[in-house]
Amino acid sequence: MILEVKEIHTYYGTSHILFGLSLDINEGEVVCLLGRNGAGKTTTLRSIIGLTVPRSGSILFKGKELIGKPPYRIAPLGIGFVPDDRRIFPDLTVRQNILVARREIKGAIWDLSRVYSLFPKLKDLESHMGNQLSGGEQQMLTIARTLMTNPELLLLDEPGEGLAPLVIKAMEDQLGQIKKLGTTMLICEHNVGLATALSDRAYVMDKGTIRYQGTIEELRKNEEVKKKYLMI
Ligand SMILES: Nc1ncnc2c1ncn2[C@@H]1O[C@H](COP(=O)(O)OP(=O)(O)O)[C@@H](O)[C@H]1O
Ligand SMILES: [Mg+2]
(Lines give C-alpha, C1' and ligand atoms only; values in the text may rest on other atoms or scores of the structure.)
(Ligands and ions follow the chains in the order given, each with its own letter.)
Protein backbone atom coordinates (compact mmCIF):
# COMPACT_ATOMS: atom_id res chain seq x y z
CA MET A 1 0.00 0.00 0.00
CA ILE A 2 1.35 3.43 -0.91
CA LEU A 3 -1.17 5.54 1.04
CA GLU A 4 -3.19 4.61 4.13
CA VAL A 5 -5.52 7.24 5.54
CA LYS A 6 -6.96 6.04 8.83
CA GLU A 7 -9.81 7.63 10.73
CA ILE A 8 -8.84 11.26 10.21
CA HIS A 9 -10.76 14.13 11.77
CA THR A 10 -10.08 17.50 10.14
CA TYR A 11 -11.39 20.93 11.17
CA TYR A 12 -11.36 24.46 9.82
CA GLY A 13 -11.22 26.41 13.07
CA THR A 14 -14.09 25.02 15.08
CA SER A 15 -15.91 23.54 12.05
CA HIS A 16 -15.57 19.77 12.09
CA ILE A 17 -15.29 18.75 8.41
CA LEU A 18 -13.90 15.20 8.12
CA PHE A 19 -15.34 12.57 10.46
CA GLY A 20 -13.08 9.54 10.79
CA LEU A 21 -12.36 9.32 7.09
CA SER A 22 -10.33 6.30 5.93
CA LEU A 23 -9.08 5.27 2.52
CA ASP A 24 -6.26 3.18 1.04
CA ILE A 25 -4.42 3.29 -2.25
CA ASN A 26 -2.21 0.53 -3.61
CA GLU A 27 0.88 1.29 -5.61
CA GLY A 28 0.10 1.79 -9.30
CA GLU A 29 -3.63 2.12 -8.68
CA VAL A 30 -5.86 4.96 -9.84
CA VAL A 31 -8.55 5.65 -7.28
CA CYS A 32 -11.25 8.28 -7.43
CA LEU A 33 -12.90 10.09 -4.58
CA LEU A 34 -16.37 11.11 -5.66
CA GLY A 35 -18.96 13.25 -3.98
CA ARG A 36 -21.05 16.35 -4.33
CA ASN A 37 -19.75 19.86 -3.79
CA GLY A 38 -19.07 20.39 -0.12
CA ALA A 39 -18.67 16.66 0.63
CA GLY A 40 -15.08 17.17 1.80
CA LYS A 41 -12.97 16.05 -1.17
CA THR A 42 -10.66 19.05 -1.22
CA THR A 43 -10.29 18.91 2.56
CA THR A 44 -9.22 15.27 2.25
CA LEU A 45 -6.47 16.23 -0.22
CA ARG A 46 -5.44 19.19 1.95
CA SER A 47 -5.19 16.82 4.92
CA ILE A 48 -2.91 14.45 2.99
CA ILE A 49 -0.61 17.18 1.70
CA GLY A 50 -0.43 18.90 5.10
CA LEU A 51 -2.19 22.16 4.22
CA THR A 52 -4.92 21.48 6.78
CA VAL A 53 -3.59 19.20 9.47
CA PRO A 54 -6.00 16.56 10.85
CA ARG A 55 -6.51 16.73 14.63
CA SER A 56 -6.49 12.96 14.93
CA GLY A 57 -6.00 9.82 12.90
CA SER A 58 -3.08 8.69 10.81
CA ILE A 59 -1.87 9.14 7.23
CA LEU A 60 0.88 6.78 6.15
CA PHE A 61 2.73 7.31 2.88
CA LYS A 62 4.93 4.29 2.12
CA GLY A 63 4.63 3.45 5.79
CA LYS A 64 5.73 6.87 7.07
CA GLU A 65 3.44 9.09 9.12
CA LEU A 66 2.62 12.37 7.37
CA ILE A 67 0.56 14.02 10.09
CA GLY A 68 2.69 16.60 11.82
CA LYS A 69 4.93 17.23 8.81
CA PRO A 70 4.60 20.60 7.04
CA PRO A 71 3.63 20.63 3.32
CA TYR A 72 7.17 21.50 2.22
CA ARG A 73 8.39 18.28 3.81
CA ILE A 74 5.50 16.14 2.51
CA ALA A 75 5.71 17.05 -1.20
CA PRO A 76 9.39 16.02 -1.58
CA LEU A 77 8.56 12.56 -0.24
CA GLY A 78 6.95 12.01 -3.65
CA ILE A 79 3.44 13.45 -3.48
CA GLY A 80 2.32 15.85 -6.21
CA PHE A 81 -0.78 17.99 -5.71
CA VAL A 82 -2.74 19.54 -8.57
CA PRO A 83 -5.05 22.05 -6.85
CA ASP A 84 -8.44 22.97 -8.25
CA ASP A 85 -7.49 26.63 -8.64
CA ARG A 86 -4.50 26.02 -10.96
CA ARG A 87 -1.95 28.26 -9.34
CA ILE A 88 0.25 28.89 -12.36
CA PHE A 89 2.62 31.84 -12.51
CA PRO A 90 0.94 34.45 -14.75
CA ASP A 91 4.16 36.39 -15.44
CA LEU A 92 6.30 33.41 -16.41
CA THR A 93 6.25 31.72 -19.78
CA VAL A 94 4.81 28.24 -20.17
CA ARG A 95 8.31 26.80 -20.37
CA GLN A 96 9.42 28.67 -17.24
CA ASN A 97 6.29 27.55 -15.39
CA ILE A 98 7.23 23.94 -16.16
CA LEU A 99 10.94 24.22 -15.40
CA VAL A 100 10.43 25.98 -12.09
CA ALA A 101 9.09 22.72 -10.62
CA ARG A 102 11.92 20.50 -11.85
CA ARG A 103 13.26 18.15 -9.21
CA GLU A 104 16.28 16.01 -9.99
CA ILE A 105 15.88 12.62 -8.39
CA LYS A 106 17.18 9.13 -9.07
CA GLY A 107 14.94 7.21 -11.43
CA ALA A 108 13.11 10.35 -12.53
CA ILE A 109 10.88 9.69 -15.50
CA TRP A 110 9.60 13.19 -16.19
CA ASP A 111 11.60 15.87 -17.94
CA LEU A 112 10.73 18.71 -20.30
CA SER A 113 10.70 16.56 -23.43
CA ARG A 114 8.45 13.88 -21.93
CA VAL A 115 6.07 16.50 -20.60
CA TYR A 116 5.95 18.12 -24.05
CA SER A 117 5.28 14.81 -25.74
CA LEU A 118 2.34 14.26 -23.37
CA PHE A 119 1.04 17.82 -23.88
CA PRO A 120 2.18 18.90 -27.40
CA LYS A 121 0.00 22.00 -27.06
CA LEU A 122 2.27 23.25 -24.28
CA LYS A 123 5.28 22.99 -26.56
CA ASP A 124 3.47 25.08 -29.18
CA LEU A 125 2.73 27.65 -26.48
CA GLU A 126 6.05 27.45 -24.66
CA SER A 127 6.93 31.13 -25.00
CA HIS A 128 3.41 32.36 -24.13
CA MET A 129 2.84 33.86 -20.71
CA GLY A 130 0.84 31.92 -18.14
CA ASN A 131 -1.92 34.53 -18.18
CA GLN A 132 -2.49 34.09 -21.92
CA LEU A 133 -3.71 30.51 -21.59
CA SER A 134 -7.24 29.17 -21.78
CA GLY A 135 -8.68 27.23 -18.83
CA GLY A 136 -7.87 23.88 -20.44
CA GLU A 137 -4.30 24.94 -21.23
CA GLN A 138 -3.83 26.18 -17.67
CA GLN A 139 -5.02 22.83 -16.35
CA MET A 140 -2.53 21.01 -18.61
CA LEU A 141 0.22 23.33 -17.42
CA THR A 142 -0.63 22.69 -13.77
CA ILE A 143 -0.44 18.94 -14.33
CA ALA A 144 2.75 19.27 -16.40
CA ARG A 145 4.39 21.34 -13.68
CA THR A 146 3.45 18.82 -11.00
CA LEU A 147 4.79 15.92 -13.09
CA MET A 148 8.18 17.67 -13.21
CA THR A 149 8.48 16.91 -9.48
CA ASN A 150 8.35 13.20 -10.46
CA PRO A 151 5.67 12.28 -7.93
CA GLU A 152 4.99 8.67 -6.98
CA LEU A 153 1.50 9.66 -5.92
CA LEU A 154 -0.40 12.31 -7.84
CA LEU A 155 -3.37 13.99 -6.16
CA LEU A 156 -5.72 15.73 -8.57
CA ASP A 157 -8.49 18.04 -7.40
CA GLU A 158 -11.30 18.26 -9.97
CA PRO A 159 -9.10 18.10 -13.09
CA GLY A 160 -12.18 18.41 -15.31
CA GLU A 161 -13.65 21.42 -13.53
CA GLY A 162 -14.85 24.13 -15.89
CA LEU A 163 -13.49 22.45 -19.02
CA ALA A 164 -15.39 21.86 -22.25
CA PRO A 165 -16.32 18.23 -23.02
CA LEU A 166 -13.70 17.90 -25.77
CA VAL A 167 -10.99 19.24 -23.47
CA ILE A 168 -12.09 16.82 -20.74
CA LYS A 169 -11.78 13.97 -23.26
CA ALA A 170 -8.21 15.03 -24.08
CA MET A 171 -7.41 15.32 -20.36
CA GLU A 172 -8.78 11.83 -19.80
CA ASP A 173 -6.48 10.50 -22.50
CA GLN A 174 -3.45 12.30 -21.03
CA LEU A 175 -4.15 11.10 -17.50
CA GLY A 176 -4.51 7.60 -18.99
CA GLN A 177 -0.99 7.90 -20.39
CA ILE A 178 0.33 8.98 -16.98
CA LYS A 179 -1.39 5.93 -15.48
CA LYS A 180 0.34 3.66 -18.03
CA LEU A 181 3.71 4.94 -16.82
CA GLY A 182 2.82 3.54 -13.41
CA THR A 183 2.05 6.73 -11.46
CA THR A 184 -0.42 6.16 -8.64
CA MET A 185 -3.28 8.66 -8.64
CA LEU A 186 -6.08 9.86 -6.42
CA ILE A 187 -8.60 11.85 -8.45
CA CYS A 188 -11.24 13.91 -6.66
CA GLU A 189 -14.19 14.69 -8.89
CA HIS A 190 -17.84 15.43 -9.01
CA ASN A 191 -17.51 14.83 -12.78
CA VAL A 192 -18.13 11.11 -12.47
CA GLY A 193 -17.48 10.40 -16.17
CA LEU A 194 -13.86 11.59 -16.23
CA ALA A 195 -12.92 9.96 -12.94
CA THR A 196 -14.53 6.58 -13.49
CA ALA A 197 -13.13 6.25 -17.01
CA LEU A 198 -9.62 6.24 -15.55
CA SER A 199 -10.00 4.64 -12.15
CA ASP A 200 -9.69 1.12 -10.85
CA ARG A 201 -11.66 1.79 -7.68
CA ALA A 202 -13.93 4.45 -6.29
CA TYR A 203 -14.70 5.92 -2.90
CA VAL A 204 -17.87 7.92 -2.52
CA MET A 205 -18.01 10.47 0.26
CA ASP A 206 -20.70 12.65 1.76
CA LYS A 207 -20.70 14.98 4.76
CA GLY A 208 -17.07 14.35 5.58
CA THR A 209 -17.01 10.60 5.59
CA ILE A 210 -16.78 7.66 3.18
CA ARG A 211 -20.22 6.22 2.39
CA TYR A 212 -19.26 3.63 -0.22
CA GLN A 213 -16.24 1.94 -1.72
CA GLY A 214 -15.95 -0.52 -4.54
CA THR A 215 -14.60 -1.20 -7.98
CA ILE A 216 -15.81 1.01 -10.83
CA GLU A 217 -17.84 -1.95 -12.11
CA GLU A 218 -19.57 -2.33 -8.75
CA LEU A 219 -20.29 1.38 -8.54
CA ARG A 220 -21.78 1.41 -12.06
CA LYS A 221 -24.30 -1.23 -11.00
CA ASN A 222 -25.16 0.42 -7.69
CA GLU A 223 -28.13 2.61 -8.56
CA GLU A 224 -28.83 3.42 -4.91
CA VAL A 225 -25.38 4.91 -4.22
CA LYS A 226 -25.37 6.81 -7.50
CA LYS A 227 -28.78 8.33 -6.79
CA LYS A 228 -28.15 9.08 -3.15
CA TYR A 229 -24.68 10.63 -3.33
CA LEU A 230 -23.87 11.38 -6.94
CA MET A 231 -27.13 12.47 -8.53
CA ILE A 232 -26.57 10.34 -11.66
N1 LIG B 1 -11.55 27.43 4.66
C2 LIG B 1 -12.69 26.92 5.10
N3 LIG B 1 -13.23 27.33 6.29
C4 LIG B 1 -14.38 26.80 6.75
N5 LIG B 1 -15.08 25.85 6.13
C6 LIG B 1 -14.61 25.41 4.93
C7 LIG B 1 -13.40 25.92 4.37
N8 LIG B 1 -13.18 25.28 3.18
C9 LIG B 1 -14.22 24.43 3.03
N10 LIG B 1 -15.06 24.49 4.07
C11 LIG B 1 -16.28 23.67 4.28
O12 LIG B 1 -15.87 22.32 4.39
C13 LIG B 1 -16.80 21.46 3.75
C14 LIG B 1 -16.06 20.57 2.76
O15 LIG B 1 -15.53 21.39 1.73
P16 LIG B 1 -14.57 20.83 0.59
O17 LIG B 1 -13.56 19.94 1.19
O18 LIG B 1 -14.10 22.00 -0.19
O19 LIG B 1 -15.60 19.95 -0.26
P20 LIG B 1 -15.52 19.48 -1.78
O21 LIG B 1 -14.11 19.61 -2.26
O22 LIG B 1 -16.01 18.06 -1.76
O23 LIG B 1 -16.46 20.34 -2.56
C24 LIG B 1 -17.86 22.35 3.12
O25 LIG B 1 -18.96 22.37 4.00
C26 LIG B 1 -17.20 23.71 3.07
O27 LIG B 1 -18.15 24.73 3.19
MG1 LIG C 1 -13.31 20.64 -3.85
Side-chain angles (χ1 to χ4, degrees), residues 3-25 30-59 61 66-67 70-72 74-75 79-88 135-136 138-143 145-146 151 153-164 167-168 171-172 175 184-199 201-214 216 219 222 225-232:
L3 186 78
E4 296 167 72
V5 178
K6 287 185 215 155
E7 293 277 321
I8 57 168
H9 287 261
T10 304
Y11 294 70
Y12 291 115
T14 54
S15 305
H16 195 169
I17 306 294
L18 299 185
F19 297 87
L21 180 137
S22 300
L23 61 84
D24 297 325
I25 306 177
V30 176
V31 172
C32 58
L33 179 58
L34 305 172
R36 289 188 282 242
N37 277 336
K41 303 180 296 296
T42 297
T43 307
T44 303
L45 295 187
R46 291 179 60 88
S47 299
I48 296 169
I49 203 75
L51 290 169
T52 306
V53 180
R55 289 218 192 138
S56 64
S58 162
I59 302 177
F61 177 64
L66 298 184
I67 294 181
Y72 66 86
I74 292 176
I79 303 183
F81 176 43
V82 177
D84 56 356
D85 57 358
R86 303 166 195 162
R87 269 165 262 152
I88 58 169
Q138 285 185 28
Q139 184 61 288
M140 285 175 203
L141 180 55
T142 312
I143 296 172
R145 187 183 59 187
T146 308
L153 171 65
L154 187 57
L155 309 174
L156 295 134
D157 199 0
E158 310 259 359
E161 176 73 6
L163 304 184
V167 183
I168 292 182
M171 178 76 55
E172 196 178 297
L175 293 175
T184 309
M185 286 188 258
L186 176 60
I187 307 176
C188 288
E189 266 295 351
H190 68 262
N191 179 343
V192 174
L194 168 73
T196 55
L198 285 162
S199 301
R201 281 193 301 124
Y203 286 91
V204 177
M205 71 179 298
D206 189 49
K207 300 200 175 106
T209 194
I210 301 293
R211 304 289 181 179
Y212 175 83
Q213 60 168 307
I216 298 300
L219 175 63
N222 196 321
V225 166
K226 289 197 287 187
K227 250 201 219 110
K228 201 162 172 194
Y229 301 118
L230 302 172
M231 295 181 293
I232 52 171

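Just so it is clear, the model here is predicted, and its values are computed rather than measured. Each ligand, and each atom within it, is numbered from 1 in the order the structure gives.
- Using a distance-only test at 3.5 Å, with no hydrogens or angles considered, no donor-acceptor pair links the side chain of Q138 to the main chain of I88.
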Exercise for the section: Please report the C-alpha distance between L51 and L45 in whole Å, then the side-chain angles of each, then the deciding distance to 0.1 Å, and finally whether the side-chain contact (heavy atoms from CB on, under 4.5 Å) criterion is met. Expected result: CA-CA 9 Å; L51 290 169; L45 295 187; over 6 Å; no
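- For T42, heavy-atom contacts with ligand 1 shorter than 4.0 Å involve the backbone as well as the side chain.
- For atom 24 (C) of ligand 1, the closest non-hydrogen atom on the protein side is G38 O, 3.7 Å.
- For ligand 1, the polar-atom distance check against K41 finds a nitrogen or oxygen pair separated by under 3.5 Å.
- A donor-acceptor contact closer than 3.5 angstrom is absent between the side chains of T10 and T43.
- Within a 4.0 Å radius of atom 26 (C) of ligand 1, the protein contributes no non-hydrogen atoms.
- Taking backbone and side-chain atoms together, T42 has an N/O/S atom less than 2.8 Å away from the Mg ion (ligand 2).
- In this structure, CD1 in I79 is found 10.5 Å from CG in L186, a value given to the nearest 0.5 Å.
- Counting heavy atoms closer than 4.0 Å to ligand 1, residue M205 contributes nothing at all.
- Among protein heavy atoms, atom 19 (O) of ligand 1 sits closest to G40 N, 3.1 Å.
- Listed for the S22 side chain is a donor-acceptor partner under 3.5 Å among the backbone atoms of E7.
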Practice task
Begin with the C-alpha distance, continue with both residues' side-chain angles, and end with the deciding distance and a verdict on side-chain contact (heavy atoms from CB on, under 4.5 Å) for K207 and T209.
Solution key: CA-CA 6 Å; K207 300 200 175 106; T209 194; 5.7 Å; no
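- Evaluated for a side chain to side chain contact (heavy atoms under 4.5 Å, CB included) with Y212, the options L34, L230, L219, D206 yield exactly one hit, L219.
- The pair D157-K41 does not meet the salt-bridge criterion, since no charged nitrogen lies less than 4.0 angstrom from a carboxylate oxygen.
- Within the listing of ligand 1, atoms 14 (C), 15 (O), 16 (P), 17 (O) sit less than 4.0 angstrom from a heavy atom of T43.
- With hydrogens left out, the protein atom closest to atom 4 (C) of ligand 1 is Y12 CB, 3.5 Å, a heavy atom.
- Protein heavy atom closest to atom 11 (C) of ligand 1, with residue, atom name and distance, is I17 CD1, 3.9 Å.
- The distance from ligand 1 to the heavy atoms of R36 drops below 4.0 Å at these ligand atoms: 22 (O).
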